[in-house]
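Just so we're on the same page: letters track the sequence lines, and every chain starts at 1. The figures here come from the full heavy-atom set of this structure, side chains too, leaving out hydrogens, waters and symmetry mates.
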There are 2 protein chains.
Amino acid sequence: MLSAVTIDAMPLDRRQRRRLETIEEVLDVAVEIMTEQGVAGLSIGEVARRMGIRPPSLYVYFASKEAMYDAVFLRGARAILAHMREHTAGVATDPRPLHDVLLDAGQAMVTWSVHHPAYTQLLFWRPVPGFTPSEQSYAPAVELVEHSRANFVTLQDRGLIRADVDVDDALRDWTILIAGVVSQQLSNAPHESVDDGAFTSRLPNLVAMYCDHYSPPAKGNRNARKR
Amino acid sequence: MLSAVTIDAMPLDRRQRRRLETIEEVLDVAVEIMTEQGVAGLSIGEVARRMGIRPPSLYVYFASKEAMYDAVFLRGARAILAHMREHTAGVATDPRPLHDVLLDAGQAMVTWSVHHPAYTQLLFWRPVPGFTPSEQSYAPAVELVEHSRANFVTLQDRGLIRADVDVDDALRDWTILIAGVVSQQLSNAPHESVDDGAFTSRLPNLVAMYCDHYSPPAKGNRNARKR
DNA sequence: GTCTATATGACGATAGAC
DNA sequence: GTCTATCGTCATATAGAC
């Protein structure tokens, strides 16, 4: 079978391919506008203007502005899912301590989020009054949560997370940490680099704090906290 | 001198008082709309509609929509500042352990934020593309940060926070925790109660985690972590 | 698929009568 | 202080020619 560039893995004729390229260009421009003007600042007219076409032409590709938001949401959800899969692929066999495993995962999430503020806001905040993503577009976002949860279950099975904690509690605390870093960084200093951002640079310390709490007591440790 | 209801503590004639009442009503309605439609969903026309007046009448009280946002920002900043002052008044003398002191402060912040999502978003996120608060409106927000920092300095002076940590690091980590709880709760389940919200209910555990990290080693503890 | 033309309406804001 | 009337701009969206 021929290699294919689409999700359906089906060969396309030139017309279809050109159409998809145009759709990608529309989404590029849409994200660009949302990055500059805020997520709620997207407008059909501005997209058309930047593409050098007229607003009605966009309705060939998207039934409405809502559909455009939905496509951006889907694209962002797929991108962050792929990114996190890639950066947490070895969790099941990674020989390093919990701190290192989690720090890599956290860095991956924070880095992507800070580098893609428009997607992050659309996916994880609710900045557009009327908009709700469709079920299809939401699916990869759900998959990301399931992926994270599976990783945490694996970490607990491997003994890197205390056996007596509810894995969902551990996961919720983890998402709170990451969301806190990202939201503080994006709200207060969006243009600082990830490496020396006032908040992103706190991640290693926060991960250490988290691991002190959720790691099982060290072998022979007399200080096991009871909870 | 007569008691006064205004910040200036000056007596007002009926005209001025009536004017201030109207302004307060406008701000009430504006916050109501922002709560329902999202912060960026505020519109002059909708405010007028709900007040039973015509849009141009609002320009007697506010020079522009921006000025209206600014007044809401000021009001919210003053409210959260007053709320946090009230709930952290005893920090300098509170005899309880760090965990209890911080949990109360955290609960105060989280509760207020979840109960006032419109203010929270306007104050701590950046959901309105063009809007920047004026210096006057920003002042109480700055004061809140200074107030928090002063409290942390006090806690460190009293020996409740390890002497070897940078108080600004401790404060940043603290704000990350609180911001994480609030943003996760507001984004994912805004209508859950604070007491049993999926994320707000994690606060005690997160505070425990934080205190384990930042409290000085207990007297005679052989496990003092070196950092 | 892109265009022109247009329907329809919201918005922020101003002028000027009362 | 409130109104009517209006300006100008922008928006989403549709119809129909090419």
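Under the 4.5 Å side-chain criterion, counting only non-hydrogen atoms from C-beta, A:Phe199 is not in contact with A:Val110.
Along DNA chain D, read 5' to 3', the first and last nucleotides having any atom under 4.0 Å from a heavy atom of chain B are D:dG1 to D:dA5.
Between A:Tyr119 and A:His116, the ring-plane angle classifies as tilted under the 30° and 60° cut-offs. Relative ring orientation between A:Phe152 and A:Trp174 is described as tilted, the plane-to-plane angle lying within the 30° to 60° band.
If you check every strand for non-hydrogen atoms under 4.0 Å, A:Pro55 touches nothing. Note on A:Ser64: only backbone sugar-phosphate atoms sit closer than 4.0 angstrom, heavy atoms only; bases stay farther off. The residue B:Arg18 sits apart from the nucleic acid: no heavy atom pair falls under 4.0 Å. Here A:Ser43 lies in heavy-atom contact (under 4.0 Å) with sugar-phosphate atoms only. Among the heavy atoms of the strands lying under 4.0 Å from A:Tyr61 are primed sugar atoms or P, OP1, OP2 only; no base atom is included.
Put simply, CG on B:Leu58 is 13 Å from C1' on C:dC11, counting in whole angstrom units. Atom pair B:Lys65:NZ and C:dA13:P shows a separation of 8 Å (rounding to whole Å applied). The CZ atom of B:Phe131 sits 17 Å away from the C1' atom of C:dG12 (whole-angstrom rounding).
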### Task
Go through the steps to decide whether A:Asn205 and B:His213 satisfy the test side-chain contact (heavy atoms from CB on, under 4.5 Å), and finish with yes or no.
CA-CA 9 Å; A:Asn205 190 61; B:His213 193 85; 3.1 Å; yes

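No donor-acceptor distance shorter than 3.5 angstrom exists from the side chain of B:Gln184 to the backbone of B:Asn188, with no hydrogens or angles considered.
Between B:Arg78 and B:Glu143, no side-chain nitrogen of the basic residue sits less than 4.0 Å from a carboxylate oxygen of the acidic one, so the salt-bridge criterion is not met.
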